Amino acid sequence: MALEPIPCAIKNPVVLQVGDMKTELGRPGVLVIDVSFPHSQTTDLQAIAFRNYYTAFLTLRVQRQSSADDGNESPSKWVTCLRNFCLMPNPHTEEGSQNYFSISRHQMLCDVDQVAAMRFILRQPSPVWLHFTIEELQLFSLCQKSPQKGFPAWLSHPSPQEQPTSLHDGLPDADRVSSELQQMWILTEMLQANQPVARIGRFDVSFSILLLLVLEV
């Protein structure tokens with residue numbers, strides 16, 4: 001089953017504080033992150049993935065699309081599909097504080113098809129951590145791929161100007177080359193048989209020069 005990321009808008013976390021901020025030392029215990037989809041679209045949620053940052057518990061609520069009595073679609077009430085999901089076994093220690101998590105629809109408490117909006121409720125009861133959130137949040141749905149088709153014509157059949165040049169174009173005749181090489185070999189044997197005792201030194205005729213002379217004939 002192939003999954004693809006869902007385009008969405010993730011709002012900045014909102015602090016929920018019970019009681020006086022001054023008496024509570026200004027440390028929030030609950031954050032809320034709202035997620036919406038462009039153009040009021042809905043999605044069939046398959047999974048969510050994120051990296052934790054010192055959040056102890058996660059609650060997830062979704063707003064599903066439903067059909068009204070007059071046949072028009074309208075948003076339904078918020079329902080909880082994940083309740084106090086544990087991200088840190090002990091909120092006062094580091095374990096799980098920066099782990100990656102992936103939660104599939106099978107772990108959720110309700111149907112997550114036709115989801116119109118989502119709300120992530122993060123909770124950290126420990127006073128040890130001053131800041132907490134979730135990062136790199138991604139939502140996934142099933143990949144809607146069109147049936148596989150054959151290669152396009154332009155890829156299977158190159159245009160005339162793209163056709164490779166014949167390997168025989170521009171090359172000398174094979175029989176002529178063979179004959180000239182044979183003559184060159186005979187000439188080389190004759191030169192070696194009649195080589196003078198005194199070396200000519202730097203004016204020796206090299207094999208490559210002989211080859212060029214023969215091919216130019």
Side-chain angles (χ1 to χ4, degrees), residues 1-67 73-145:
M1 180 178 64
L3 300 179
E4 63 179 356
I6 303 172
C8 60
I10 304 174
K11 298 183 179 180
N12 292 328
V14 176
V15 177
L16 296 185
Q17 180 70 37
V18 178
D20 189 0
M21 292 286 290
K22 296 180 180 180
T23 59
E24 295 293 336
L25 300 181
R27 194 195 70 82
V30 179
L31 293 180
V32 174
I33 300 176
D34 283 335
V35 177
S36 59
F37 304 105
H39 310 297
S40 301
Q41 296 177 351
T42 62
T43 185
D44 295 343
L45 186 66
Q46 295 294 324
I48 62 174
F50 58 90
R51 182 183 182 184
N52 187 27
Y53 187 80
Y54 294 96
T55 296
F57 302 98
L58 169 65
T59 294
L60 177 59
R61 292 171 61 81
V62 297
Q63 189 180 41
R64 294 195 308 255
Q65 193 110 29
S66 63
S67 298
E73 292 184 345
S74 61
S76 64
K77 295 181 180 180
W78 289 91
V79 293
T80 300
C81 62
L82 204 64
R83 188 187 302 276
N84 290 332
F85 186 84
C86 183
L87 304 179
M88 296 174 62
N90 186 342
H92 304 286
T93 64
E94 289 273 354
E95 184 180 358
S97 61
Q98 298 185 54
N99 288 359
Y100 284 91
F101 289 88
S102 177
I103 304 174
S104 70
R105 61 183 292 142
H106 304 294
Q107 298 173 261
M108 299 183 185
L109 304 175
C110 66
D111 180 34
V112 285
D113 288 337
Q114 297 296 307
V115 173
M118 303 178 66
R119 177 167 293 165
F120 292 78
I121 304 173
L122 319 179
R123 193 161 58 88
Q124 175 53 270
S126 174
V128 176
W129 319 113
L130 297 179
H131 305 285
F132 63 94
T133 185
I134 57 175
E135 303 172 335
E136 303 175 33
L137 176 62
Q138 283 189 298
L139 314 178
F140 295 93
S141 64
L142 284 178
C143 184
Q144 302 295 331
K145 288 186 177 180

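All values derive from a computational prediction rather than experimental measurement.
- Counting heavy atoms from C-beta on, the side chains of L139 and T43 never come closer than 4.5 Å.
- A donor-acceptor pair under 3.5 Å is absent between the side-chain atoms of T55 and the main chain of R123, judged by distance alone.
- Considering only heavy atoms from C-beta on, L3 comes within 4.5 Å of L142 through its side chain.
- Heavy atoms only, all atoms of each residue included: M88 and P91 are closest at CE-O, 3.7 Å.
- Judged purely by atom type and a 3.5 angstrom limit, R119 has no side-chain atom pairing as donor or acceptor with the backbone of V32.
- Across every non-hydrogen atom of F101 and G96, the tightest pair is CE1-O, 4.0 Å.
- In this structure the side chain of E95 never reaches within 4.5 angstrom of the side chain of N90, judged on heavy atoms.
- In terms of heavy-atom proximity, W129 sits nearest to H92 at CZ2-O, 3.8 Å.
- Contact of the M108 side chain with the L45 side chain is registered, since non-hydrogen atoms from C-beta on lie closer than 4.5 Å.
- The CG atom of L122 lies 8.0 Å from the CG atom of L87; values are rounded to the nearest 0.5 Å.
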Exercise for review: Let me see the working for C86 and F57 under side-chain contact (heavy atoms from CB on, under 4.5 Å), right down to the final yes or no.
Suggested key: CA-CA 5 Å; C86 183; F57 302 98; 4.2 Å; yes
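- Between E94 atom CD and N99 atom CG the span is 10.5 Å, to the nearest 0.5 Å.
- Of the possible donor and acceptor atoms, none in the side chain of N52 sits under 3.5 Å from a partner among the backbone N and O of Q98.
- The two atoms that bring S102 and Q107 nearest to each other are O-OE1, 3.8 Å, heavy atoms only.
- Screening D34, I33, I10, V62 for a side-chain contact (heavy atoms from CB on, under 4.5 Å) with M118, the sole residue that qualifies is V62.
- Of all heavy-atom pairs between V35 and C8, the closest is CG1-CB, 3.8 Å.
- Note that CG of L130 and CD of Q124 are 10.5 Å apart. Values are rounded to the nearest 0.5 Å.
- Heavy atoms from other residues, nucleotides or ligands lying under 6.0 Å from OH of Y53 number 12 at most.
- The two atoms that bring A49 and F140 nearest to each other are CB-CE1, 3.9 Å, heavy atoms only.
- Residues F85 and L60 fail the side-chain proximity criterion, which asks for heavy atoms closer than 4.5 Å.
- Proximity of L58 to F120: side-chain heavy atoms (C-beta onward) are separated by under 4.5 Å at one or more points.
- Using a 4.0 Å cut-off between charged nitrogen and carboxylate oxygen, D44 and R105 do not count as a salt-bridge pair.
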Review point. Does the side chain to side chain donor-acceptor pair (under 3.5 Å) test come out yes or no for T59 and R83, once each step is laid out?
Key: CA-CA 4 Å; T59 294; R83 188 187 302 276; over 6 Å; no
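- The side-chain heavy atoms of R51 and Y100, taken from C-beta on, include a pair separated by under 4.5 Å.
- The side-chain heavy atoms of Y54 and V128, taken from C-beta on, include no pair separated by under 4.5 Å.
- Taking CD1 of I103 as the start and CD of Q46 as the end, the distance is 14.5 Å to the nearest 0.5 Å.
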